[in-house]
Amino acid sequence: MKLHIYDTLRREKVGFEPQNPERVTLYVCGPTVYSFAHIGNARPVVVFDVLFRLLRALYGEHHVIYARNITDVDDKINKAAFDQGVEIDVITNHFADIYNADMATLGALRPTLEPRVTHNIDAILAQIAAILANGHAYAEQGHVLFDVESFKAYGALSRRSLDDMIAGSRVEVAPYKRNPHDFVLWKPSKPGEPAWDSPWGPGRPGWHIECSAMIEANLGLPIDIHGGGHDLIFPHHENEIAQGLCAQHAHGQDSGYARYWMHNGFLTFEGDKMSKSLGNVKLVHDLIEQVPGEVIRAALLSAHYRGPLDWTGELIAQTQSRLDGMYGTLRKFAAVPGRDEAAAPAILEVLCDDLNTPRAFAELSALAKALETAADDEARIAAKSRLLAAGRVLGLLQGDPEAWFRGGVDEDLKAKIDALVAERVAARTAKNWPDADRIRKALDDLGVDVMDSATGATWKLKAAETEDRGLSHGL
RNA sequence: GGCCUGAUGGCGGAGCGGUUACGCACCGGAUUGCAAAUCCGUGAAGCCCGGUUCGACUCCGGGUCAGGCCUCCA
């Protein structure tokens, strides 16, 4: 079984060959921690979490190194810190913690490494120095700027030439730039702004240098896969390549920067781009209060990662129903023991086809049906094990099925419901249908559905309750 | 202006040059004291115009529409 991924640089689907199968490296651009992450920020997190899980299944759990940076130096952070009268690390630690907690709610594993800019200043300074030494950058008025014209391959990833860009350029040209597209590697800090000493004066890193420097320092060049949102192709990733490669030229080496590039498509909200001016920015932190994290995760995986995804109330409702169905099956067969087993080839196969998660859902459905229709216990055990193993690769279906349907019920209500259900089971055993119906009605009033079975009864919160929690109101 | 995506049934969303995606919803049947769940089954598609082909949703050309990037942005 071989992974094939669509490589942005080559613009085609290619077979994936890691440089070293015992040390597969993946880097994804992470958050700038000055505020809450919105649902669009969560898409790459979930998508590349599936890739991380898949790579681990393919190459072994300890043979994959996944790094996702935390940008904790940035003008927006400075502004937030200034506004609140605190040091920047008060802001960055706070929001990094919230970010990690929120992403965990979406079922995302912690990356192997989470390098922070403030912990990698030395690496950044070293890379800038190397780029300078190689003649690909120049220092001017406290800034160090990358000289784009010195790097012939500039524009390869985004397929644009410097000439094209200049034609339609809206870039503001700073007086110290030789070419309008030269970008900052290091910039001076004003008094009061966070600053680190450097050969070019006290300052801080530019936006793009952190990723290439942390990749070189933490993973080593080249890395196998570099991922991120589609919008990062230019200029961010283009600039990363320029920096990473030009830093190496000192030794006459050019081992490459990233061997495969993957970019996820954009998420829209009810057909519109999410933006503050439209007031439709949905924060993950708020969403998880209203919708189970697993539903959000599944919704984000419902379309292929490269395509667009429109976030709508309908999408959430449909995703909730789909998961309800599968968890319903798992609850029905809760007594069937599950075997610990590796994910079946079928599920890995579809994911190996450039992370085809829609087909993976079809596979999940097939496995659930196999469990429902299994002829005997042995078949049920096998089917359930396969379903759970397939879910594990996707980061789905690992929760307690009973809890799935009872989320948000407090202990008092739960005790009350359990008592009523027990009472009703007794009435049914006695074939006392009027009482049984009366109790069903009482439970109905509590927003509870009772499901009878040969061995007793189970219950769940009614779907209507979920609606009331806001599912149909444009989340 | 330059670069780049996408357009599939009521909705979401894949694969595929000739055969069922899958899911949600709907309908019919089985089952059920009632109900739910489940199972079986039916119906439903490929933006427009050309071209290639024995045959195109699938390939090629053109068009239309929608969206993204080129400036902080997943």
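Computed from a predicted model, the values in this text were never measured in an experiment. In what follows, chains carry the letters A, B, and so on, assigned in the order in which the sequence lines appear, proteins first and then strands, with residues in each chain numbered from 1.
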One thing to verify: whether Arg440(A) and Asp444(A) come together as a salt bridge, which I'm taking to mean a side-chain N less than 4.0 angstrom from a carboxylate O.
no
Taking only the side-chain nitrogens and oxygens of Lys369(A), find out if one of them lies under 4.0 Å from OP1 or OP2 of C40(B).
yes
Watson-Crick and G-U pairing of RNA chain B, under 3.5 Å, as dot-bracket with | and [ ]:
(((((((..(((.....[...)))..((((.......)))).....(((((..]....))))))))))))....
Which residue in the set His263(A), His230(A), His208(A) passes ring-ring contact (aromatic ring centres under 6.0 Å, His included) when paired with His236(A)?
His208(A)
Between Glu240(A) (CD) and A74(B) (C1'), how many Å, whole number?
14 Å
Name the nucleic acid region contacted by His38(A), choosing base, sugar-phosphate or nothing; use a 4.0 angstrom heavy-atom cut-off, strictly under.
base
Which of residues 430-443 of chain A sit near RNA chain B, with a heavy atom under 4.0 Å from it?
Trp433(A), Ala436(A), Asp437(A), Arg440(A)
So, does the side chain of Arg306(A) form a donor-acceptor pair with the base of G68(B) at under 3.5 Å?
no
To the side chain of Ala362(A), which of G12(B), G33(B), A21(B) is closest?
A21(B)
Suppose we call a contact any N or O donor and acceptor under 3.5 Å apart; does that hold for the side chain of Gln318(A) and the base of G23(B)?
yes
Rounded interatomic separation in angstrom, taking CD from Glu363(A) and C1' from G23(B)
14 Å
Can you tell me how far P of U38(B) sits from CG of Asp449(A), to the nearest Å?
13 Å
